[in-house]
Amino acid sequence: MSKNTNLSLNKLTAPLVENLIVNAESLRLDVSNLNDGTRIIDAGINAIGGIEAGRLIAEICMGGLGVVKLRASTNFHHWSWHVDVHSSNPVMACLASQYAGWSLSHGEGKDAFHALGSGPARTSGSNEPLFDELKYHDSTSKTCIVIEVDRIPPVELTSKIAKMCNVQNNELTVILTPTSSLAGTVQIISRVLETSLHKAHELHFPLENIIDGAGSAPLCPPSNDFLTAMSRTNDSILFAGQIQLFVEATDEDAEELANALPSSTSKDYGKPFGEIFKDVNYDFYKIDPMLFSPAKVSVSSLTTGHTFHAGKIDLDLLDKSYS
């Protein structure tokens, strides 16, 4: 990934984070500091948050290398609003930053805190093997991490994150977006492009050959029930997410990638995610990892100019999930 080594995702996102803070009142966010100095931006726990907050947080998740917009469509009878995502640096935006790959935990038993971290802090503090493959590490004086949780993390954990990122505690910002919140809903659905990049990586497609990408998925109704909210946000992508990748590849490789990417290729495809999760006794690791991908894909070869399509939109399953 030498083409992108001069990019600092932390520097790119710093003004986006400051924008959240400056406009916290209008975005209905709560900004506070923990005892260790860590800045907390609450986008849905005690704060109301909203769709615009989620859109801005999604762009932070993408390390400042992605654009997230809201759009109305007449193609979906009951669910007209969509989240559109684009990045001209999709590998960096989606895999180096947006992917929730940093496992965070503190404590034991019922009071233990467990979460997965997204955002530019991963490029500075996470030990994920992915970064060795990407050959990318970002040194920074301030950083930000996004966590999809419904409670504020303990200071022991935030201090650990700051130490691993080699920043002072007061230079760490933690953004909290519960799954059941509007902001959380938007920032999760905005991962529609990221799921295709992650699956392409799992399929061993050369990441350096993925040049550009865009995606879209319907904005689902939120739910106060965590499992329902989690199911709906996943199903937005699994049943109705659409992506377009532009790759440097032969027709054979581009077509093979297109055919392998859709969620419908998974053995677990066919019912709302909440039902699948229940069937495996709520154990994520028993779910086919190939399920987590968009419903419909297009892969265009920049080498030949040909485009290959695969997958399908399933409005019946989408209605079942959202209802």
Side-chain angles (χ1 to χ4, degrees), residues 1-2 4-22 24 29-43 45 56-66 87 89 91-107 112-149 151-177 183-184 187 191 194 197-198:
M1 304 307 295
S2 58
N4 298 310
T5 51
N6 291 326
L7 291 172
S8 171
L9 273 63
N10 284 285
K11 289 181 180 179
L12 287 171
T13 54
L16 305 182
V17 174
E18 291 306 313
N19 178 57
L20 282 187
I21 294 166
V22 169
L29 305 173
D30 284 345
V31 181
S32 61
N33 292 88
L34 299 182
N35 292 337
D36 69 346
T38 297
R39 185 162 55 186
I40 299 292
I41 300 179
D42 173 5
I45 301 175
L56 295 171
I57 292 168
E59 293 187 339
I60 291 171
C61 278
M62 298 184 77
L65 290 174
S87 176
N89 291 274
V91 174
M92 295 293 288
C94 296
L95 295 185
S97 190
Q98 189 180 28
Y99 173 55
W102 193 354
S103 180
L104 304 166
S105 63
H106 175 75
F113 185 95
H114 299 287
L116 294 173
S118 304
R122 290 179 55 232
T123 68
S124 303
S126 174
N127 293 322
E128 299 163 56
L130 173 63
F131 289 102
D132 292 332
E133 185 176 345
L134 296 177
K135 296 181 176 61
Y136 182 79
H137 179 80
D138 189 18
S139 298
T140 182
S141 60
K142 61 174 60 178
T143 191
C144 170
I145 191 167
V146 178
I147 309 178
E148 184 189 331
V149 291
R151 62 186 175 115
I152 296 173
V155 293
E156 293 86 353
L157 181 59
T158 57
S159 293
K160 180 181 178 181
I161 294 171
K163 183 177 181 180
M164 293 182 70
C165 292
N166 196 30
V167 300
Q168 298 297 315
N169 289 9
N170 61 358
E171 297 293 355
L172 170 66
T173 299
V174 179
I175 302 176
L176 308 176
T177 60
Q187 78 90 7
R191 297 171 186 272
E194 179 259 302
L197 269 290
H198 183 256

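Residues: numbered from 1 along the sequence shown.
Here the CD1 atom belonging to I57 is positioned 6.0 Å from the CG atom belonging to L29, to the nearest 0.5 angstrom. Once rounded to the nearest 0.5 Å, the distance linking CZ of R39 with OG1 of T158 reads 13.5 Å. Distance check, rounded to the nearest 0.5 Å: OG of S118 to CD1 of I175 gives 10.5 Å. Taken to the nearest 0.5 Å, the SG atom of C165 stands 4.0 Å off from the CH2 atom of W102. Note that NE2 of H137 is 10.5 Å distant from OG of S126, once rounded to the nearest 0.5 Å. A distance of 11.5 Å separates CG of L176 from CZ of R151, quoted to the nearest 0.5 Å.
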Full working for side chain to side chain contact (heavy atoms under 4.5 Å, CB included) between Q98 and L197
CA-CA 11 Å; Q98 189 180 28; L197 269 290; over 6 Å; no
Side chain to side chain contact (heavy atoms under 4.5 Å, CB included) between I152 and L34: does it pass, once the steps are laid out?
CA-CA 9 Å; I152 296 173; L34 299 182; 3.8 Å; yes
Take L104 and K160 through the side chain to side chain contact (heavy atoms under 4.5 Å, CB included) test and state the conclusion after the steps.
CA-CA 10 Å; L104 304 166; K160 180 181 178 181; over 6 Å; no
Please lay out, stage by stage, how S124 and V167 fare under the test side chain to side chain contact (heavy atoms under 4.5 Å, CB included).
CA-CA 9 Å; S124 303; V167 300; over 6 Å; no
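Without hydrogens or angle criteria, S87 side chain to L65 main chain gives a donor-acceptor distance under 3.5 Å. When atom types are taken as modelled, the side chain of T13 and the backbone of G63 share no donor-acceptor pair closer than 3.5 angstrom. Side-chain atoms of S97 never come within 3.5 Å of backbone atoms of C94 as a donor-acceptor pair (strictly under, hydrogens ignored). Of the possible polar contacts, one joining the D42 side chain to the I45 backbone as a donor-acceptor pair under 3.5 Å is found. A donor-acceptor pair under 3.5 Å is absent between the side-chain atoms of T140 and the main chain of T143, judged by distance alone. Listed for the H106 side chain is no donor-acceptor partner under 3.5 Å among the backbone atoms of H114. For the pair D36 (side chain) and N169 (backbone), a donor-acceptor distance under 3.5 Å is absent.
Atom CD of Q168 is surrounded by 12 or fewer heavy atoms from other residues, nucleotides or ligands within 6.0 Å. Annotation: N166, atom CG; neighbour count of heavy atoms from other residues, nucleotides and ligands within 6.0 Å does not exceed 12. The 12-atom threshold is exceeded at CG of D132, counting heavy atoms of other residues, nucleotides or ligands nearer than 6.0 Å.
Heavy atoms only, all atoms of each residue included: L157 and S105 are closest at CD1-O, 3.7 Å. Across G64 and L12, no two heavy atoms sit closer than the pair CA-CB, 4.3 Å. Looking at every heavy atom in both residues, L116 comes nearest to S103 through CD2-CA, 3.7 Å. Across all non-hydrogen atoms, the minimal contact from H198 to Y99 is NE2-OH, 3.5 Å. Considering every non-hydrogen atom in both Y136 and L7, the closest pair reads OH-O, 2.6 Å.
Between E148 and Q187 there is a side-chain heavy-atom pair separated by less than 4.5 Å. Side-chain contact between K142 and N10: absent, with no pair of heavy atoms (C-beta onward) separated by less than 4.5 Å. Between I41 and I21 there is a side-chain heavy-atom pair separated by less than 4.5 Å. With a 4.5 Å cut-off on side-chain heavy atoms, K11 and D138 do not count as touching.
Within the structure, salt bridge (charged side-chain N to carboxylate O under 4.0 Å, His left out) contacts touching residues 115-127 (residues at least two apart or in different chains) are R122-E128.
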